[in-house]
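All of these numbers come straight from a predicted model, not from anything done at the bench. We name chains A, B, ... by the order of the sequence lines, and we start the count at 1 in each one.
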Amino acid sequence: MNPSLKLTLLILIALEVSFIQVWSVNVALIVVSLLLMLFNHVSWRRLLWLTLVPLFFASALVWSLMLRGDASTHFLIVIFTRMFVYVYMGGWFTLTTKPLWLTRSLEQNAKLPSKFAYGFLAAFNLMPKIQAEVATVRAAALMRGEVLHVWSPRLYFKVILAAMNWSDQLAAAMTSHGFVEGAPRTHALTVPLLARDWWIFGISLLLVQVGLFVGLP
Amino acid sequence: MKRWHIRDIILVTIIAIFMGVIFWAIGPVYTILAAALAPAGLQPLANELLLGIWVMAGPLAGFVIRIPGAATLGELLGAVVEMFLGGIWGASTLISGTLQGFGSELGFILTGYKRYGWFTLVLSALTTTIVTFIWDLFRSGYAAYHLPFLLLLFCVRFLSVFIFGGVLTKLINNLLVRAHVLKD
Amino acid sequence: MATVTIQSLTYTYPKQSRPVLDHLSGTFPTGKFSLLTGVSGGGKSTLLKLIAGLLPNPDDTTVTFDGQPLNAITPTDRAKTVVMLFQEPSTQFTMDTVENELRFALENQQVPAGEIADRSDAALAFIGITDLKFRKLMQLSGGEQQKVALAIIVAMNSDVILLDEPFASIDPPTRLVLLEKLVALCNERGKTIVLADHDLSGYQQWVDHLAVLADGHLTLLSVDETRARFAAFTPQRLQLTHVQLPSDQLTVCLQGTALGLAHSNRQLIAPQSLSFYAHKTTLITGPNGSGKSTLFRALVRLGHYQGHIAYRDTDIKKIRKRRYARQVGLMFQAAAAQFLNVTVAEELALSQKYGNSTYFTPERVHALLDQLNLAGRDEQVLYSLSSGQQKKIQLLCMLIMAPEVLLLDEPLKGLDYASIQAVMAILKTVQHDLDLTLILISHQLSGLDALVDLHLQLEDHQLTYQEVRA
Ligand SMILES: Nc1ncnc2c1ncn2[C@@H]1O[C@H](COP(=O)(O)OP(=O)(O)OP(=O)(O)O)[C@@H](O)[C@H]1O
Ligand SMILES: Nc1ncnc2c1ncn2[C@@H]1O[C@H](COP(=O)(O)OP(=O)(O)OP(=O)(O)O)[C@@H](O)[C@H]1O
Ligand SMILES: [Mg+2]
Ligand SMILES: [Mg+2]
């Protein structure tokens, strides 16, 4: 399915699910997402992780609501299953969508300005450097006799300076590689947007609406 | 008003990732806190206590970049990155991210993107708290809590957002101003 | 093809009183390889950025390409006129893989989709890195990244190529390969190349006039003067003549047992036993990406490693982090990573507060600053210093801390010849006076001979001590 449409679908359903309390729809969504994940060969470790974490947080939340609130059982079930809807649907999405392909699709199909698409990618690809930098800053401070905590302004100061430095360098490099904001570009690879994608999109949304309508008390 | 340039877009994304990395670094604290508070039915408190760090990317981006939309974009991109890095809350992260960002953006909108000082920060902390709290009333079913507990959650959240998104952001801002990378 | 002409270019950074470039004039002719040098902070990077249009130039008629200012060229054609290759290899890419980055650059130039693949392949083949096509950029070594950057420039077919210390962290063999490719671009394709460098080794056969940037002016040296400058970088000057194999009398300070290093499933150093000796200066050399910096990070507990590391017979994992950090210090490869404050004075004050303050008295520090040509910069913001100036401040800060073992990752990167001499003299004195253990990584060997006692070479995943070869 076209990644932009897939993302739209995901967000629309998540929004609806957040406001409407129909547990049967939640369960249906969980089952469908689970099947889609299995169909796409999700690893067992990942699936276990995607199950245990929400299990803990959903149970803790439900327990808290029981102790400190006056929610009905129906409401508690809705809240409990809702957490799994988010996680499983998200799991299916990230399992089947490559960030690069999504960004290309957003640029080509959703007409996102290319500066956003490639600016984001450039930063995203710096990930390993960014992760190492936080550890480096803290270690450098230790070697000078200072301890940096999560609440130390200097930790963030250093991190933002590094960010500014890298963004200057990356922006200069993009310019040097011929990138001009707002200028037309060619596309070596095109992301298809087929009639089939629209059909899947429409029918899925429709099914959820029907489910919500039928399930409402 | 300033427009978005490629450098700003990269900068806001890197800041968002950095905040994500720092937040992950304290991830175990969150889990332990949540687990410790859960038996007493106080798990949401863990969330409220640490929420400030999580929403800090918004005011920080707003202060550093000073372009309309910076705070929102900062938080939203943070959420996108988190989603692809194996953060498990999926689309819900995206929605929360947008709302958190928009919450702090409101503070800047209300001051017309002209004042970058204490007043804006306090205002932004307040709007962030309100917007995200309304969202949690629905999403996490907070509406079902008894009123006193709800008030407690609200106050803790405000304090956390104020300390990290307000006080800490201001201190960081002061350093950046001294380093000539930001205007006063 | 384009000749770059600079006429009376003056540039002052915002909020600074003195101009960095002062009515500077010069030409970089078509099809020529021009080598630019000058003291640290002389303004080489500033000049190159102005030519490339990466710094806003107040008067755009001062820099012209075949008579045309950059602004007169349509934005999409600018990259065809001038490109820049940067000093820091890892922050010059937008995409994840080599193939995608080439695509990105060519799409920007609006090359029709059908031609992109062929042009990419041809460029990779020209540089000789076809096998890197599908690799992830972030997992390449610095040298490989610079080769990719060069391949992209070849694919984009730009007329003027500017390079700002492109070899600062590149190992000597790779440096030679890259240099040959650049010369080929000049001779075979008529490109105009301007390259800024401090380390003049390897250029002699290609360059007859050296351009020196000093006091805001550009001077072209005569053939004889140029030769005199190159003399300090002849291969004979780059040899280590004092190193010996470690003897039994030496005390071990850091001991690795079955020590191995890996990064994402790739073994960098195969498990081996490794000793570092106290009160000596050890030099580590090895190709780009072989794992030298990774080894240093492991020694200061900043990364994973296999096996054990002991410091004075105690496993370093059992020593408290804060204490250990004061005993074994690391001068990072990137200077800015070391700084914690805003101004030069604050940074030095922090080191003096926690460091060895009986030796590094204010007078001594002052003298050292003088020696490093950094006097009078107390109130300057650290991050606006030139790369060489930052490196020198970084070194001073770590020396003042005077940890028992000081690891130095590329301490000479980006330093001019005079600064290298000064740094060597300082390192030698301080090491002698405080009896420090120094371990350093360096690609550049000029001036190191007098300082180094032991030489560790990293090759084929193995670190071995070397002695002077006959
Ligand atoms: N953004 C800036 N703001 C203020 N001053 C600056 C800035 N960037 C550089 N300078 C100053 O301008 C001078 C020239 O710097 P530049 O980086 O061009 O030197 P360089 O010749 O490239 O030096 P190096 O060989 O060390 O890289 C230096 O004295 C530096 O401190
Ligand atoms: N965080 C990381 N994740 C994955 N790979 C990494 C990471 N950091 C480094 N590497 C890889 O490990 C290898 C060794 O890197 P290292 O920086 O230790 O090399 P080096 O010997 O210091 O090279 P140089 O001379 O270029 O500084 C490189 O190929 C690099 O791409
Ligand atoms: Mg420079
Ligand atoms: Mg290295």
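Interface remark: A:Phe124 contributes no atoms to any contact with chain C (heavy atom separation under 4.5 Å). Using a 4.5 Å cut-off between heavy atoms, A:Ala132 contacts chain C through both its backbone and its side chain. C:Glu88 touches chain A through its side chain: at least one heavy atom from C-beta onward sits under 4.5 Å away, while N, CA, C and O do not. Proximity to chain A is limited to the side chain of C:Val300, based on heavy atoms less than 4.5 angstrom apart. Of the atoms belonging to A:Arg154, it is side-chain heavy atoms, and not backbone ones, that fall under 4.5 Å from chain C. For chain C, the nearby part of A:Ala183 is the side chain; its heavy atoms alone come within less than 4.5 Å. Neither the backbone nor the side chain of C:Pro403 has a heavy atom closer than 4.5 Å to any heavy atom of chain A. A:Pro184 touches chain C through backbone and side chain together, each having a heavy atom under 4.5 Å away. C:Arg297 touches chain A through its side chain: at least one heavy atom from C-beta onward sits under 4.5 Å away, while N, CA, C and O do not. Heavy atoms of C:Leu106 lying under 4.5 Å from chain A belong exclusively to its backbone. For C:Met398, the part sitting under 4.5 Å from any heavy atom of chain A is the side chain, from C-beta outward, and nothing else. For A:Leu161, the part sitting under 4.5 Å from any heavy atom of chain C is the side chain, from C-beta outward, and nothing else. Of the two parts of C:Gln394, neither the backbone nor the side chain holds a non-hydrogen atom closer than 4.5 Å to a non-hydrogen atom of chain A. Neither the backbone nor the side chain of C:Asp77 comes within contact range of chain A; no heavy atom of the residue lies under 4.5 Å from a heavy atom of that chain. Interface remark: C:Leu340 contributes backbone and side-chain atoms alike to the contact with chain A (heavy atom separation under 4.5 Å). For chain A, the nearby parts of C:Met95 are the backbone and the side chain; heavy atoms of each come within less than 4.5 Å. Looking at C:Lys136, there are no atoms closer than 4.5 Å to chain A (heavy atoms on both sides), in backbone or side chain. Looking at A:Leu100, only its side chain comes within 4.5 Å of chain C, counting heavy atoms on both sides. Heavy-atom distances place both the backbone and the side chain of C:Ser90 under 4.5 Å from chain A.
No donor-acceptor distance shorter than 3.5 angstrom exists from the side chain of C:Lys321 to the backbone of A:Leu142, with no hydrogens or angles considered. Put simply, the side chain of A:Thr186 never gets that close to the backbone of C:Pro112: no donor and acceptor are under 3.5 Å apart.
In terms of heavy-atom proximity, C:Ala337 sits nearest to A:Ala140 at O-CB, 3.5 Å. A:Ser176 and C:Met84 make their closest contact through OG-N, 2.7 Å (heavy atoms, listed as atom of the first residue, atom of the second, distance). The shortest heavy-atom contact between A:Lys158 and C:Ala336 is NZ-O, 2.6 Å. Annotation for C:Ala79 and A:Gly178: closest pair CB-CA, 3.4 Å, computed over non-hydrogen atoms. Of all non-hydrogen atoms in C:Tyr354 and A:Arg144, the two that sit nearest each other are CD1-O, 3.1 Å.
Enclosure of atom NE2 in A:His149 by more than 12 non-hydrogen atoms of other residues, nucleotides or ligands within 6.0 angstrom is indicated. Open room surrounds NE2 on C:His304; 12 or fewer heavy atoms of other groups in view lie less than 6.0 Å from it. Crowding of A:Phe19 atom CZ: a count of heavy atoms from other residues, nucleotides or ligands under 6.0 Å exceeding 12. By the 6.0 Å contact criterion, CH2 on A:Trp198 is open, its count of non-hydrogen atoms from other residues, nucleotides or ligands being 12 or less.
Interatomic distance, C:Arg322 CZ to A:Glu146 CD, rounded to the nearest 0.5 Å: 9.5 Å. Put simply, CG on A:Leu170 and CZ on C:Phe93 are 10.5 Å apart, with the number rounded to the nearest 0.5 Å. Note that CD of C:Gln338 and CE of A:Met143 are 7.0 Å apart. Values are rounded to the nearest 0.5 Å. In this structure, C:Glu101 CD and A:His177 NE2 are separated by 5.5 Å, a value rounded to the nearest 0.5 Å.
Looking at A:Thr136 and C:Phe332, their side chains come closer than 4.5 Å, going by heavy atoms from C-beta outward. Residues C:Thr94 and A:Asn125 fail the side-chain proximity criterion, which asks for heavy atoms closer than 4.5 Å. Inter-residue side-chain proximity for A:Leu126 and C:Thr91 is flagged as met; some heavy-atom pair is nearer than 4.5 Å. Counting only heavy atoms from C-beta outward, the side chains of A:Val180 and C:Asn108 never approach each other to under 4.5 Å.
Among C:Ala325, C:Gly114, C:Gly329, the residue with the largest count of heavy-atom pairs under 4.5 Å with chain A is C:Ala325. With chain C as the partner, the residue from A:Pro128, A:Ala171, A:Ser114, A:Ala122 showing the most heavy-atom pairs under 4.5 Å is A:Ala122. With chain C as partner, the option from A:Arg138, A:Glu133, A:Arg104, A:Met127 having the largest number of non-hydrogen pairs under 4.5 angstrom is A:Arg104. Ranking A:Val147, A:Leu148, A:Leu155, A:Thr175 against chain C, the residue ahead of the rest is A:Val147, based on heavy-atom pairs under 4.5 Å. Of the listed residues C:Gln139, C:Met156, C:Gln109, the one with more heavy-atom pairs under 4.5 angstrom with chain A than any other is C:Met156. Note: C:Asn100 leads C:Asn100, C:Leu137, C:Val82 in heavy-atom pairs under 4.5 Å with chain A.
Relative ring orientation between C:Phe104 and A:Phe179 is described as parallel, the plane-to-plane angle staying below 30° on a 0-90° scale split at 30° and 60°.
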